Amino acid sequence: MILVYLRNDLPYSRFGFTASRRVGNAVQRNRARRLLRESIRLQLDHIEAGWDLVLIARPAILKQSFQQVDVSCKRLLAKAHLLTSSVAVPPEKDEIL
RNA sequence: AAUAAGUGGAGAACCGCCGCUGCCAGUAUCGACUUCAUGUUGUCAUUGGUAGAGGAACUUCCCGACUCCCGGCCAUCGAUUGCGAUGGCAAGGUUGCCUCACGAAACAGCAAGUGAGGGCGCCAGACCAGCAAUGGCCUGGUGACUACAACCGCAACAGAGAGUAGUCCCGCCAGCGGCCCUGGCAUCCGACCAGGGUGCGGGUAAGGGCUGAAAGGGUGGGGUAAGAGCCCACCAGCGGUCGUAGAGAUACGUCCGGCUAGGCGAGCGUGCAACCGGGAGCAAGGCGAGUGGGUCAGGCUGGCGUGAUACACACUGGUUUGAUCUCGUCGCAGUGACUGCCGGUGAGGCCGGAUAACACCCGGCAAACCAGGCGUCACCACGCCGAUUCAUCGGUGUGAGACAGAUGGCGGUAGCAGACAAAAACGUCUGUAACAGAAUCGGGGGUACAUCCACUUUUUCAUU
RNA sequence: CGGGGCGUAGCGCAGUCCGGUAGCGCGCACGGUUCGGGUCCGUGAGGUCGGAGGUUCAAGUCCUCUCGCCCCGA
């Protein structure tokens, strides 16, 4: 997946989820978006306010379970220094989405 | 019993927690309208309840409902600056052997597609007749089956020749031109005349050969130097007139014609025939606001959350100021019945007008019908409330409907599949489904599909 | 909801309109040139024309269905 973020100078953050036709057909694009949305929903309390974030799905997400997607998502947020409190971020492993 | 194919049906279970979208109800805040009080309604927050993808939702090959837009020329009639009605033509569109049926849902009509029967052509097989060529008949298969005899266009290579056919080889010919020989004109030569030869030029497409997917009727006679539909008779084939049979395609018969015409109408050219108003699509379109609404920022004020609680910060409703952008809403939602009302359609029917009369036509009526609206009732699924004989009854509520587009995540149980282990069972671990996601609705066709069930058929094995 | 286009050799494209030989450039292989490499010269290999069916004597080309990809309009 790809994370694009930009400071919006608002007291809250906004999120967008995108899956292009390269990801697959309508069913597969819907599933990719839902996985990303659920992963962000569980992290809402730990994400800094004042940012616009867009998560872009890549075709490899279809082969991953939700846990793998969630780990990748957390790792991306930590890399962008968008997490507020200390969240247990798993260490980097070999497989990277 | 296994296997494969086809057709039809089913096509993802249950419980808990968190989350999303619509609707309903309660609570609270603020605003608007109204009232003597009350109340109605909108928005946001929050709580509870409830509903929430498919057989193909895919595809877009089609049709319809529904909505909007548009229409050339001529004639007649009525009106008399635009217009309306009727008829015709043009343009455009569709179809292409015939009939019937399905698709086909108000009268009529309706496509993609499908079925049955028939006609004609072609192919294969059996039988019959005949020495044979061939013909007849039956069965099966197959055909996008209007016309290349209106026009335009196309055909590589090979071959003599491929579109008003053509002489390359073998043949045939001596009428014509040339050459040679003989004879005649008293003699020689030339010319001329007669006869013969030659196939060089030439004629000949009748016979054979060669090339190719394809090479321009058959028999007999006349005719000719030799031949040729060159001419004639008959036959085959083609076009047409008329008659008979049939619902029609068409078949049979008759006469006439020109004598032969080859192939490709899947060549999106074109001609012909028949039929038909056309086009766009819910991003259709209607309504409202634009002094409105959305977004952002500031002020005032209410709610709620957090913290260190007379305060600060975040979010949010109302109001107001500024900037910026068009926005909101309807269309838009169970199934079925009642015909209760309204609306619509109304072929055929009835009545009236019109006519000498009938038909057409005009007006009306109503049966029947409808995918439209309202209303009532029933049913299905689920929830809530009440009652009781504890399984029913009664009451009540809901029925996907978004507008960057809602169905997801986690845990557990069961089932299934695989692996370990194993005589089997128990057990442990892993995985959890194929094709695929609603956007106005309905219907037909096509395509994709794990697994299960039913039926039919193919093949193999076992038993009798 | 409607309209249009593309698919041909490893890659990029002609040929399709109007049927008959599948070709061009780069790349690849071999040989030559050079002390060696590149450049250059010569020779050569390589394509079920997305798939299925049909029309035709003959289909990359025409027709029908189907698969994949791309674009446009409201």
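Keep in mind that what you see is a predicted model, and the values were worked out from it rather than measured. Lettering follows sequence order; numbering is per chain, from 1.
- Taking syn as a glycosidic angle within 90° of 0, A53(B) qualifies as syn.
- Arg34(A) is linked by a side chain to side chain donor-acceptor pair (under 3.5 Å) to nothing, counting only residues two or more places apart in sequence or in another chain.
- If you take atom P in U396(B) and the same atom in G437(B), they sit 44 Å apart, rounded to whole Å.
- G15(C) sits 15 Å from G50(C) when the P atoms are compared, rounded to a whole Å.
- Distance check on atom C1': U428(B) versus A10(B) gives 35 Å, rounded to whole Å.
- Using N1 to N3 plus N6-O4 or O6-N4 for Watson-Crick, or N1-O2 and O6-N3 for G-U wobble, each under 3.5 Å, C382(B) pairs with G397(B).
- A sub-4.0 Å separation between OP1 or OP2 of G409(B) and a side-chain N or O of Arg34(A) is absent.
- One atom, CD1 of Ile56(A), and another, P of A404(B), lie 19 Å apart when rounded to the nearest Å.
- U219(B) and G237(B): their C1' atoms are spaced 16 Å apart (whole Å).
- For the C1' atoms, the distance linking A101(B) with A149(B) amounts to 39 Å, nearest Å.
- The distance from atom CG of Asn30(A) to atom P of C435(B) is 16 Å, rounded to the nearest whole Å.
- With rounding to whole Å, Leu35(A) atom CG is found 8 Å from G408(B) atom C1'.
- Protein atom CG of Leu36(A) is 17 Å distant from nucleotide atom P of C20(B), rounded to whole Å.
- Pairing partner, G84(B): C77(B), with both Watson-Crick or wobble hydrogen-bond distances short of 3.5 Å.
- In this structure, C176(B) and G201(B) make a Watson-Crick or G-U wobble pair, each of the two defining distances being under 3.5 angstrom.
- Base orientation of G299(B): anti, since the glycosidic angle falls outside 90° of 0.
- Glycosidic conformation at G278(B) (O4'-C1'-N9-C4 for purines, O4'-C1'-N1-C2 for pyrimidines): anti, more than 90° from 0.
- Cluster partners of Ile56(A) are Ile2(A), Val4(A), Val54(A), counting Ile, Leu, Val, Met, Phe, Trp and Tyr whose side-chain heavy atoms approach within less than 4.5 Å, directly or via other members.
- Following rounding to the nearest Å, Arg31(A) (CZ) and C20(B) (P) show an atom-to-atom distance of 19 Å.
- Using the Watson-Crick or G-U wobble rule with both distances under 3.5 Å, A45(B) pairs with U27(B).
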Query raised in the report: Which dot-bracket notation, 5' to 3', represents the base pairing of RNA chain C when pairs are defined as Watson-Crick or G-U with both distances under 3.5 Å, crossing pairs as [ ], and inter-strand pairs as |?
Result: ((((((((.[[[[.)....(..]]]].(((((.......))))).....[[[[[..)....]]]]]))))))).
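- Considering only heavy atoms from C-beta on, Cys73(A) stays 4.5 Å or farther from Leu36(A) through its side chain.
- A 3.5 Å limit on both hydrogen-bonding distances identifies U67(B) as the Watson-Crick or G-U partner of A280(B).
- When the nucleotides G409(B), U407(B), A436(B) are ranked by their closest atom to the side chain of Val27(A), A436(B) comes out on top.
- Atom P of A22(C) sits at a distance of 36 Å from the matching atom of C151(B), rounded to the whole Å.
- Rounding to whole angstrom units, CZ of residue Arg29(A) and P of G405(B) are separated by 14 Å.
- In this structure G229(B) sits in the syn conformation; its chi angle is within 90° of 0.
- One distance of note links CG of Leu3(A) with CZ of Arg75(A); it measures 13.5 Å at 0.5 Å rounding.
- Looking at which nucleotide of RNA chain B each of Arg33(A) and Glu38(A) is closest to, the 5′-most match is held by Arg33(A).
- In this structure, U254(B) makes no Watson-Crick or G-U wobble pair, since no nucleotide meets both defining distances under 3.5 angstrom.
- Base pairing of C332(B) is not made with any nucleotide, judged by Watson-Crick or G-U wobble geometry with both donor-acceptor distances under 3.5 Å.
- With rounding to whole Å, Ile40(A) atom CD1 is found 17 Å from C18(B) atom C1'.
- Between the P atom of G408(B) and the CG atom of Asp70(A) lies a distance of 18 Å, rounded to the nearest Å.
- Here the separation of G290(B) from U324(B), taken at their C1' atoms, is 15 Å to the nearest Å.
- In this structure G183(B) sits in a base pair with C193(B), meeting the Watson-Crick or G-U test at under 3.5 Å.
- Distance check: Asn30(A) CG to Arg37(A) CZ gives 8.5 Å after rounding to the nearest 0.5 Å.
- Distance noted for atom P between G93(B) and C441(B): 33 Å (whole Å).
- For Ser39(A) (side chain) and Leu35(A) (main-chain N/O), no donor-acceptor pair under 3.5 Å exists by modelled atom type.
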